[in-house]
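Here is the structure we will look at, set down as structure tokens.
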Amino acid sequence: MIEIELDGKKVDIVEGSMIMHAADKAGTYIPHFCYHKKLSIAANCRMCLVDVEKMPKPMPACATPVTQGMIVRTKSDKAIKAQKSVMEFLLINHPLDCPICDQGGECQLQDLAVGYGGSTSRYEEEKRVVFHKDVGPLISMEEMSRCIHCTRCVRFGQEIAGAMELGMSHRGEHAEIETFVGATVDSELSGNMIDICPVGALTSKPFRYSARTWELSRRKSVSPHDSTGANLIVQVKNNKVMRVVPLENDAVNECWIADRDRFSYEALNGEDRLTTPLLKQGGVWKSVDWQTALEYVANGLKQIKANHGANAVGALVSPHSTLEELHLAGSLVRGLGSENIDYRLRNAEFVTAPGARYLGTSIASLSQLQRVLVVGSNLRKDHPLFALRIRHATKLGCAVNVLNERVSDWALPVANAMTVASSQWLQALADIAAAIAAEKGVAAPVGGNATPEAQAIAKSLLGGERKAVLLGNAAAHHAQASGLLGLANWIAAQTGASVGYLTEAANTVGAQLAGAMPGKGGLTAGQMLAGALKAVLLLNTEPARDSAAGAAAVQNLGKAEMVVTLSPFKANMEFSDVLLPIAPFTETPGTFVNAEGRVQSFHAVVKPLAETRPAWKVLRVLANMLDLPGFAYESAQDVLAGMHQASGGVPAQVSVSALNNAANLPTDLSAAAGAPVVAGIYQLDGIVRRAPSLQLTADARLVVQEAQA
């Protein structure tokens, strides 16, 4: 640590830091544009010029290292004059179109121009014009004349997203930010460029010209998509979600969110929303009131239970549902005397074991890994924010090892890769285990061959200190999932690594804690999807697109006497008898448990649309109509408290000791296994699938092309 003097105050700062870092620590604001705490230093804009004693001219605070005894003045006449001069230069070519700019009201240039800009301009020549670019459905580059060449967007692509999709071409007044020969920006994290742009050059294409920032209310929420549990700020106008931006949380999503977290809100206001209960009568859908719909469901459940027994009733629930909804769905089914409830719709193997399967480490620790083995995951598309963390770790020397069925561009360096068919993953992991056993001089757990590829991965995992074996969505859905976990546990134990699942959905861990799995004698999701039920409750899920059964689910579930769909959208209309409109995550309070076991509760940010009702209320009323005990809840918080009492408690952070329980080592490495079912990046859940802008992206079009091939 060294000591400097900043505006008369003593500041201790780590040697090698910049003046800007010292100012941040001291709480002193220095105006800037190109500096960003998560990006490398460029020193492009020069707005952060400060007065450093014994320096002949003002120095950029973001790029000037501190030295022992340095004296810095950020508000001296010399510093202020330099900053005002820079502002004058920045405004020479700026179009000054604040009244029509989407960034108006939250623009750094606009804010700083108030303090550092002149009241008139001395520049009388024509301003330069930069032609707009079309870079895809998410980012608007219509007004690139506003760009001040801070290069934040360029550095974000290179350093955070891992792909340099934007760059600066030409020089001087001809310089401009653009893609390479008219390409589009296709990163799954591209929307963050909008947030970090300090002017109105990059704006949100879906949000463009729809509201002013000062008209919006800002409310906290949690992403309902992948298992990161990204913290969000949902911006609302007239009880309508208008925009979603990140809420900074260094332990979870830092200051970034994935594009599906940012732009999926379009579906919440779409034409496919279900706004009133629907009942199918004579093959025709008719709108009914809630009382009629719920009475029909309650009477149907009673009748089917009486005719066929409680085991003919079951529920298929989505792991994107809240903890409260999952708990009540399970309580309702069990109250009827059935154990048929399951969230594992895409799984091919159904092993119910004590404890929950989760990440096995903290999300933040992924940035500090030195060795990692990822099994059965397209990491970049399945978990964009986890890939971001591991990409950062590679810059610090992390060696990434991969076992997958195809080569994917993760936009990060991969040290070793084994590319084999998914049916051979068990053998490939056994080969890696055999190579580790040979290196350590111990007995191999099962029969394996220490192939050159396996030896390379083994040597990598035996080096370094902070290590992890991570099982992806395809490994979790695999027909030999427990065998893969058993070998992963052995490899982790021998190499000193943690072991865990990346987990697919926002509440995969929560679904396990809520008991959304069949108990003794209960049917699994696979059995229920095969048509084993007479009465089916579908909570927030579309089996044709959310399950391993796929199109067969439509025919199989159509055999049931009654299918009840609880969904925010017009879903499952081919085989359902009742559609009940339930609230999406923005219209209901609830709780998600992310991949690391972090419990995050949130409130509704808008009122339910039309006749929509929160699912926990619908399930509570339905249970009351069925005369089931234990459903006297007045709020979602009461439901969570009731779950605490029933299950012994849901802590703020799930206990590590209870998770990723040891699975048995496989006995047959050659057992047949079909290809695991994994959702595409923009096919993960009903909300994402119905977001028009996301479905126009290159990733979404690729999924459609592969399906048609």
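Heads up: numbering here begins at 1 and tracks the sequence.
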Would you please indicate yes or no on a ring centroid separation below 6.0 angstrom for Phe602 and Phe592?
yes

Evaluate the criterion side-chain hydrogen bond (donor to acceptor under 3.5 Å, both in side chains) for residue pair Ser693 and Glu266; output intermediate values, then yes/no.
CA-CA 8 Å; Ser693 295; Glu266 285 186 294; 2.9 Å; yes

As a quick check of understanding, evaluate salt bridge (charged side-chain N to carboxylate O under 4.0 Å, His left out) for Lys38 and Glu254, giving each step before the final call.
CA-CA 9 Å; Lys38 297 291 185 180; Glu254 299 179 275; 3.0 Å; yes

So, for Trp214 and Gly104, which heavy atoms are closest and what is the spacing to 0.1 Å?
CZ3-O, 3.6 Å

Side chain to side chain contact (heavy atoms under 4.5 Å, CB included) partner of Glu504, chosen from Asn347, Leu345, Asn473
Asn473

Is there a donor-acceptor pair closer than 3.5 Å between any side-chain N or O of Arg218 and the backbone N or O of Leu216?
yes

Say whether Gln683 and Gln695, considering side chains only, have a donor N or O and an acceptor N or O under 3.5 Å apart.
yes

Exam field: side chain Arg208 to backbone Ser140, donor-acceptor pair closer than 3.5 Å
no

For the atom pair CG (Asp272) and CD1 (Ile687), what is the distance rounded to the nearest 0.5 Å?
12.0 Å

Does any non-hydrogen side-chain atom of Leu566 lie less than 4.5 Å from one of Val564?
yes

Output the distance between atom CG (Asn594) and atom OG1 (Thr503), rounded to the nearest 0.5 Å.
7.5 Å

Within 45° of the six-membered ring axis of Phe569 and under 6.0 Å from that ring's centre, is NZ or CZ of Arg690 located there?
yes

Ion pair present between Glu611 and Arg613, side-chain N to carboxylate O less than 4.0 angstrom?
yes

Got a donor-acceptor contact below 3.5 angstrom from the Gln110 side chain to the Gly105 backbone?
yes

Work out which heavy atom in Val677 is nearest to a heavy atom in His477; give both atom names and the distance.
O-ND1, 2.7 Å

Does some side-chain heavy atom of Val236 sit less than 4.5 Å from a side-chain heavy atom of Val234?
yes

Looking at every heavy atom in both Cys255 and Asn192, which two are closest together, and how far apart are they?
O-OD1, 4.2 Å

Working note: Asp102 + Arg212, criterion salt bridge (charged side-chain N to carboxylate O under 4.0 Å, His left out); need CA distance, chi angles, decisive distance, verdict.
CA-CA 7 Å; Asp102 247 20; Arg212 286 298 197 177; 5.4 Å; no

Passes side-chain hydrogen bond (donor to acceptor under 3.5 Å, both in side chains), Ser576 versus Thr565? Steps please.
CA-CA 6 Å; Ser576 293; Thr565 291; 2.7 Å; yes

Quick check for you: to the nearest 0.5 Å, what is the distance between Leu538 atom CG and Asn572 atom CG?
5.5 Å

Quick one: do Lys205 and Leu138 satisfy side chain to side chain contact (heavy atoms under 4.5 Å, CB included)? Show the steps, please.
CA-CA 5 Å; Lys205 193 171 280 189; Leu138 304 180; 5.8 Å; no

Among Lys237, Arg243, Lys240, which residue satisfies the salt bridge (charged side-chain N to carboxylate O under 4.0 Å, His left out) criterion with Glu215?
Lys237

Report yes or no: does Lys570 contribute a side-chain atom to a donor-acceptor pair with the main-chain N or O of Thr275 at less than 3.5 Å?
no

I'd like to know whether Leu502 forms a side chain to side chain contact (heavy atoms under 4.5 Å, CB included) with Leu379, so could you lay out the CA-CA distance, the side-chain angles of the two residues, the decisive distance to 0.1 Å, and finally the verdict.
CA-CA 9 Å; Leu502 293 166; Leu379 184 66; 3.9 Å; yes

Going through the checks in order, is the side chain to side chain contact (heavy atoms under 4.5 Å, CB included) test met by Gln103 and Gln108?
CA-CA 9 Å; Gln103 197 86 337; Gln108 270 184 269; over 6 Å; no

Of all heavy-atom pairs linking Ala161 and Leu189, the shortest is CA-CD1, 4.1 Å

Indicate yes or no: at least one non-hydrogen side-chain atom of Gln235 is less than 4.5 angstrom from one of Val245.
yes

Is Leu694 close to Ser264 at the side-chain level, that is, under 4.5 Å between some pair of heavy atoms?
yes

Using only atom types and a distance under 3.5 Å, with no angle test, would you say the side chain of Glu325 pairs donor to acceptor with the backbone of Thr322?
yes

Using modelled atom types only, decide if a donor and an acceptor are shared between the side chain of Tyr265 and the backbone of Met242 within a distance under 3.5 Å.
yes

Between Asn253 and Thr228, is the side-chain hydrogen bond (donor to acceptor under 3.5 Å, both in side chains) condition met? List the steps.
CA-CA 7 Å; Asn253 57 296; Thr228 308; over 6 Å; no

Would you find a donor on one side and an acceptor on the other, under 3.5 Å apart, between the side chain of Glu561 and the backbone of Ala535?
no

How long is the span from the OG1 atom in Thr591 to the CD atom in Gln637, to the nearest 0.5 Å?
8.0 Å

To the nearest 0.5 angstrom, please state how far the CG atom of Leu232 sits from the CG atom of Asn249.
11.0 Å

Residue from Asp226, Thr697, Asp685 passing side chain to side chain donor-acceptor pair (under 3.5 Å) with Arg260
Asp226

Does Met643 reach the side chain of Glu324, with side-chain heavy atoms less than 4.5 Å apart?
no

Residues in side-chain hydrogen bond (donor to acceptor under 3.5 Å, both in side chains) with Ser223, at least two apart?
Asp261

Over all heavy atoms of both residues, which pair between Ser321 and Leu539 is shortest? Give the atoms and the distance, please.
OG-CG, 3.8 Å

In chain order, what residues pass the side-chain hydrogen bond (donor to acceptor under 3.5 Å, both in side chains) check against Glu188, with sequence neighbours excluded?
Arg380, Lys381

Given side chains that start at C-beta, do those of Val536 and Met528 come closer than 4.5 Å, heavy atoms only?
no

Scanning both residues in full, the closest heavy-atom pair of Gln527 with Thr524 reads OE1-N, 2.9 Å

Test item: Asp342 side-chain N/O and Ala525 main-chain N/O as donor-acceptor pair under 3.5 Å:
yes

Apply side chain to side chain contact (heavy atoms under 4.5 Å, CB included) to the pair Val313 and Lys534, showing each step before the final yes or no.
CA-CA 6 Å; Val313 179; Lys534 296 296 182 181; over 6 Å; no

Does the side chain of Val288 reach to within under 4.5 Å of the side chain of Leu278, using non-hydrogen atoms?
no

Please report the interatomic distance OG1(Thr276) to CG(Leu580), rounded to the nearest 0.5 Å.
10.0 Å

N-O pairing of Glu542 and Arg689 below 4.0 Å:
yes

Per-pair distances, 0.1 Å, donor-acceptor, side chain in residues 617-625, under 3.5 Å, sequence neighbours excluded:
from	atom 1	to	atom 2	distance (Å)
Arg620	NH1	Tyr633	O	2.7
Asn624	ND2	Arg620	O	3.3

Keeping Ser338 on the side-chain end and Arg334 on the backbone end, is there a donor-acceptor pair under 3.5 Å?
no

Tell me if a side-chain donor or acceptor on Lys220 pairs with a main-chain N or O of Asn231 at a distance below 3.5 Å.
no

